[in-house]
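Below you'll find the structure, written out as structure tokens, and then a few comments.
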Amino acid sequence: MVKKESALKTMDVPIVDLSNPNEDLVARAVVKASEEWGIFQVVNHGIPPELIRRLKEVGTKFFELPETEKEAVAKPEDSVDVEGYRTKYQKDLEGRNAWVDHLFHRIWPPSRVSYRFWPKLPMDYREVNEDYAKHLKKLSEKIMEWLSEGLGLRREALIEGLGGETVEYLMKINYYPPCPDQDLVIGAPDHTDVNGITFLVANEALGLQAFKDNHWIDVKYTTSGIIVIVGDQFHNHENLKSYSDSKRMSNGKYMSAKHRATMDKEKTRISWPVFVESSLDHEFAPLRELITGEDNAPKFKPYVYKDFKFRKLKKLPLD
């Protein structure tokens, strides 16, 4: 008999306090959470709480604008890229519509930023997002340094594996309106993130859930905490049959977190994930330093990121 998935309220995703003066303890906590969960929250991370508050404020104000204003940064219909505003409807495996509006735009590196897709209103939108990008890049690189050390490698190994200075930071704002009938619609279907690592903040309406030990767990977060999610470039989830044993750059050590977004019956939920990923033309593979001897052979072939991303999103086999 197959055990039915259920929501389990007695477990919480790990919380790592980055203000602990013992960096070795912090690094071990980050590595442990990435091995066992693939999703955790960091607090006292160095990004000013006021900046996070302003990030949420300008994003919320954008979605409150008239539709004509939002369409000014719409994704062109003939575009093969993701940048721009759009309303997205897609069905999950149970036939429910995913009910969410969203805005994509890159925030780093500067050479890849297209202000064409950055809202002009509110007036301080650009200032806030540029400031957030600089702070988040520092946090992201610190987390990846610890994860590299957790693999027994140089601190720069994972960053270099993603592409070094060409690594891109892609902002997405998800806007989930209230939904009285959740049997018909969902926020986002079950998935793992295709990129390397994701950093997410959200408003006060809960809705993010992580899959752990055959249960869906509500991910709780503090006002200024940041949720960290390990993605497929670092490790593919074993529960996705087409991707079994394809555990990318860490060659099998880190867990990519299966997660989903649910709707709130009365509240609007907004989230701000930033996807840290390779440029589309970058080729990535298990880090060479991890491939030593027959017992630790690479579990998959190298992939150009745009091909890897296409095959993952189309649910095509990789190996």
Side-chain angles (χ1 to χ4, degrees), residues 13 39-43 45-65 70 73 75 82-88 98-108 112-115 117-122 124-140 143 167-177 187-188 191 193-210 218-231 257 259-264 267-277:
V13 301
I39 182 170
F40 53 98
Q41 179 180 186
V42 292
V43 296
H45 40 64
I47 301 181
E50 175 62 13
L51 178 58
I52 293 177
R53 185 197 67 77
R54 292 182 67 201
L55 180 79
K56 295 177 184 179
E57 180 180 64
V58 296
T60 301
K61 285 183 177 179
F62 167 74
F63 279 95
E64 291 172 348
L65 292 173
K70 290 183 284 189
V73 292
K75 177 182 180 294
V82 297
E83 288 192 291
Y85 165 78
R86 62 175 171 163
T87 299
K88 178 183 178 184
W99 190 3
V100 57
D101 294 349
H102 65 238
L103 171 68
F104 272 113
H105 61 74
R106 290 179 181 87
I107 59 174
W108 196 270
R112 291 287 288 143
V113 170
S114 175
Y115 292 111
F117 299 108
W118 288 43
K120 302 293 190 296
L121 296 174
D124 55 347
Y125 186 92
R126 175 170 170 173
E127 173 194 341
V128 171
N129 276 263
E130 287 182 336
D131 197 10
Y132 185 68
K134 292 172 185 175
H135 280 86
L136 187 66
K137 182 173 182 285
K138 292 179 182 178
L139 173 63
S140 169
I143 296 287
V167 171
E168 298 183 2
Y169 289 67
L170 179 64
M171 168 71 77
K172 181 184 184 186
I173 309 178
N174 294 305
Y175 182 88
Y176 304 98
H191 67 285
D193 290 344
V194 69
N195 53 295
I197 194 166
T198 302
F199 296 85
L200 179 146
V201 298
N203 68 354
E204 71 281 355
L206 295 178
L208 179 63
Q209 293 185 332
D218 291 323
V219 178
K220 303 170 186 175
Y221 35 80
T222 63
T223 303
S224 59
I226 295 179
I227 301 297
V228 182
I229 305 172
V230 176
H259 55 287
R260 68 184 183 187
T262 60
M263 311 289 290
D264 193 285
K267 298 177 182 177
T268 294
R269 179 174 178 268
I270 312 178
S271 66
W272 289 257
V274 173
F275 305 103
V276 183
E277 61 183 9

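It should be emphasised that the depicted structure is a prediction, and the values quoted were computed from it without experimental measurement. Atom set for the values below is all heavy atoms of this structure, side chains included, hydrogens, waters and symmetry mates excluded.
- Note that the CZ atom of Arg86 and the NZ atom of Lys75 stand 5.0 Å from one another [nearest 0.5 Å].
- Summarising the geometry, atom NZ belonging to Lys56 is positioned 6.0 Å from atom OG1 belonging to Thr223; distances are rounded to the nearest 0.5 Å.
- Using a 4.5 Å heavy-atom cutoff, the side chains of His45 and Ile52 are in contact.
- Closest approach of Gly225 to Val43, counting heavy atoms only: CA-CG1, 4.3 Å.
- A 4.5 Å side-chain heavy-atom check between Phe62 and Val73 finds at least one atom pair inside the cut-off.
- Remark: Ile107 CD1 to Asp131 CG distance equals 11.0 Å, nearest 0.5 Å.
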### Message
Under the criterion side chain to side chain contact (heavy atoms under 4.5 Å, CB included), I'd like the reasoning laid out for Asp264 against Tyr176: C-alpha separation, chi angles, the key distance, then a yes or no.
### Response
CA-CA 8 Å; Asp264 193 285; Tyr176 304 98; over 6 Å; no

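- Applying the ring pair (Phe, Tyr, Trp, His ring centres under 6.0 Å) rule to His105 yields the partners Trp118, Tyr125; only residues at least two apart in sequence or on another chain are considered.
- Contact between Val128 and Leu51 at its shortest, heavy atoms only, is O-CD1, 3.9 Å.
- Qualifying side chain to side chain contact (heavy atoms under 4.5 Å, CB included) partners for Val82, counting only residues two or more places apart in sequence or in other chains: Phe104, Leu170.
- Of the inter-residue distances, the one linking Lys137 atom NZ with Lys134 atom NZ reads 11.5 Å to the nearest 0.5 angstrom.
- Ile39 is listed as a side-chain neighbour of Val219, based on a closest heavy-atom distance under 4.5 Å.
- Rounding to the nearest 0.5 Å places CZ of Arg106 at 4.5 Å from CD of Glu168.
- Atom OH of Tyr169 and atom CZ of Phe199 lie 7.0 Å apart (nearest 0.5 Å).
- If you run side-chain contact (heavy atoms from CB on, under 4.5 Å) between His259 and each of Val13, Leu208, Leu200, only Leu208 comes through.
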Using the rule given for side chain to side chain donor-acceptor pair (under 3.5 Å), can you reason through Thr262 versus Gln209, listing the C-alpha separation, both sets of side-chain angles and the distance that settles it, and then say yes or no? CA-CA 8 Å; Thr262 60; Gln209 293 185 332; 4.7 Å; no

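- Side-chain atoms of Tyr132 and Ile47, non-hydrogen and from C-beta on, do get closer than 4.5 Å to each other.
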Residues 267-276, side-chain donor-acceptor partners within the protein, below 3.5 Å, at least two apart:
from, atom 1, to, atom 2, distance (Å)
Arg269, NE, Ala205, O, 3.4
Ser271, OG, Asn174, ND2, 3.2

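- One finds no salt bridge joining Glu64 and Lys61 here, because no Lys/Arg side-chain nitrogen approaches an Asp/Glu carboxylate oxygen to under 4.0 Å.
- Considering only heavy atoms from C-beta on, Leu55 comes within 4.5 Å of Asn129 through its side chain.
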Mind running salt bridge (charged side-chain N to carboxylate O under 4.0 Å, His left out) on Glu57 and Arg54 for me, showing each step along the way? CA-CA 5 Å; Glu57 180 180 64; Arg54 292 182 67 201; 5.3 Å; no

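- With contacts defined as side-chain heavy-atom distances shorter than 4.5 Å, the pair Leu206/Tyr221 qualifies.
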